[in-house]
Amino acid sequence: DADPLPLRIFFIPFFATGHLIPLVDVARLFAARGVDSTILVTPTNAALIRVTVDAAAAGGLPLRTLIYPFPSAESGLPPGVENISDLPSEESYKIDLAAPFTRPAHEQLLRLHRPDAVVSDVHFPWTALVARDLCVPRFLFTAVGLFPVSVVTSVRQHRPHAGVARDDEPVLVPDLPHPVFLTRSELPEFLRRDVPLRRFRDEYMEAETASAGVIVNSFAEMEASYSEYYLRARGLRSWFVGPVSLATSNAGLRGGGDAAASANRTRCLSWLSAQAPRSVVYACFGSWCRFTNEQLREMAQGLEASGRPFLWVVREEDGQEWMPQGFEQRVEGRGLVLPGWAPQVDVLGHEATGAFLTHCGWNSLLEGAAGGMPMVTWPLSTEQFINEKLVVAVLQVGVRASERCRSTVDDEPHVVRAEELARAVGKIMDGGEEAEGIRRRARELGEKAGQAVREDGSSVKGLSDLIAEIRDWQGKKKDVAADVVG
Ligand code: UDP
């Protein structure tokens, strides 16, 4: 037999950095296996991934972008606003509302280029229809793991909170591989009230059912039982290919490839090299969530009171408003407050970093796990409260920043007090059996994550299986074509 034709796959990421970064990494993994990989992306999002894509292409990988316009006029968003991090947190839904206007561009590009497979973010359900027309498989990319997907699936199916009087009463989520308790306030907003985005969810579910399966940035050693649950509950297969942050190395500029991010990288890494091994608390809350000034002040005081060195990434501008008086002088040398973008994967892989204060965004959770980090969890919105359960209750590699019930949809979120934060940091950094257990489990999880992406690892095999699957489709399609011609 002649060599099979190279596969061509199109990847379509959503307009959020936490969706963009891992899907670009997935595309790069395919490219590293010789798959011709094209990322469909809008102009300002293309700029966020340019460094990564250019580096891959310069290294000879068949990875490229195909740029299409963001539907600014149709959606009423100002030109250049193309990513949820371009808007205040409470307006991020406007990007979701803009997504359907990208349908014509996606359809046109897919029909024109006829790739062998489409890997689509969950926000673009129509890609399932186009793929069906083209007789190619459409894979779903959820940007989160199968633990949160399974929890949401079960809650939708069983509605365990119906009839529960109190919002802060923990309720068992039925049928999952582990006992998971969630309060109603911890559910993502779309499961709790009729928000504008709710109607989209049904469309996403239909497209999910019509997909060939799900590609997941996670690894079997952490989530295999949820892959089985998902197959049982939804009849859909899944392939683990992560942690993608370990499988690809990209100079720490993922999602922040500008001069400021580059300067931050140098600053962070040289500061970290002057710190003792495993001593630093790294605090970062993803790409788009923001805090009130009151909360930032408490956080500053909490980090100071923890007595530990800290590296704190702050996305809010104007430190004058919230910074406690004399804070910078008091913590000089011990604390680094970094405005903007940190090279997170490098920081979490650095030997000086000893703990991760995280909002439990899926990528952060996985990057923390991959770095063997014990975590202090501080969820803020969406499925982050569910992810927190995985860290604290299931894997037991972290503690909560605050024991008080908090919520995904509070208009006035509870403020986490400085004492609570300092206590939580102490719980994982101090001596004592509990802390040592958490640190040991975190270290072991990091080792398993590393093995998953090494030769013969579970995620390397996951990717091979997936490529074989797509080749099968390609073969079948050719057979059909030959029949038609014959
Ligand atoms: N990130 C980073 N530097 C920062 C903030 C975020 O590199 O200063 C990266 C982080 O490594 C992760 C992504 O941005 O890959 C954020 O995704 P996550 O799912 O954790 O959170 P989201 O931004 O979606 O809330």
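Both ligands and their constituent atoms are indexed starting at 1 by order of listing.
- Looking at F124, W288, F101 one by one, the single match for ring pair (Phe, Tyr, Trp, His ring centres under 6.0 Å) with F15 turns out to be F124.
- The V313 neighbourhood of ligand 1 comprises atoms 8 (O), with distances under 4.0 Å to a heavy atom of that residue.
- For an aromatic pair to be called close, the ring centres must be under 6.0 Å apart, and Y68 with H106 satisfies this.
- The aromatic ring centroids of F285 and F291 lie less than 6.0 Å from each other.
- When each atom of ligand 1 is checked for a heavy atom of W362 under 4.0 Å away, the hits are 19 (O).
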May I have the step-by-step check of side chain to side chain contact (heavy atoms under 4.5 Å, CB included) for F190 and R156, ending in yes or no? CA-CA 11 Å; F190 77 89; R156 280 185 77 122; 4.0 Å; yes
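- In E367, the part holding a heavy atom less than 4.0 Å from any atom of ligand 1 is the side chain.
- Taking every non-hydrogen atom of S287 and a distance limit under 4.0 Å, the qualifying atoms of ligand 1 come out as 22 (P), 23 (O).
- Aromatic rings of F11 and F30 (six-membered ring for Trp) have centroids within the 6.0 Å cut-off, being under it.
- Listed by atom number, the atoms of ligand 1 under 4.0 Å from A342 heavy atoms are 2 (C), 3 (N), 4 (C), 7 (O), 8 (O).
- In summary, the atoms of ligand 1 found under 4.0 Å from a heavy atom of H359, numbered by their order in the structure, are 20 (O), 21 (O), 22 (P), 25 (O).
- Within the listing of ligand 1, atoms 22 (P), 23 (O), 24 (O), 25 (O) sit less than 4.0 angstrom from a heavy atom of W288.
- For T17, the heavy-atom gap to ligand 1 stays at 4.0 angstrom or more.
- Ring to ring, Y226 and F147 are close: their centroids are under 6.0 angstrom apart.
- Judged purely by distance below 3.5 Å, without hydrogens or angles, the side chains of R138 and T127 pair a donor atom with an acceptor atom.
- Of the candidates L338, N363, T382, the one placing a heavy atom closest to atom 17 (O) of ligand 1 is N363.
- Counting the atoms of ligand 1 from 1 in the order shown, those under 4.0 Å from a heavy atom of C284 are 4 (C), 5 (C), 8 (O).
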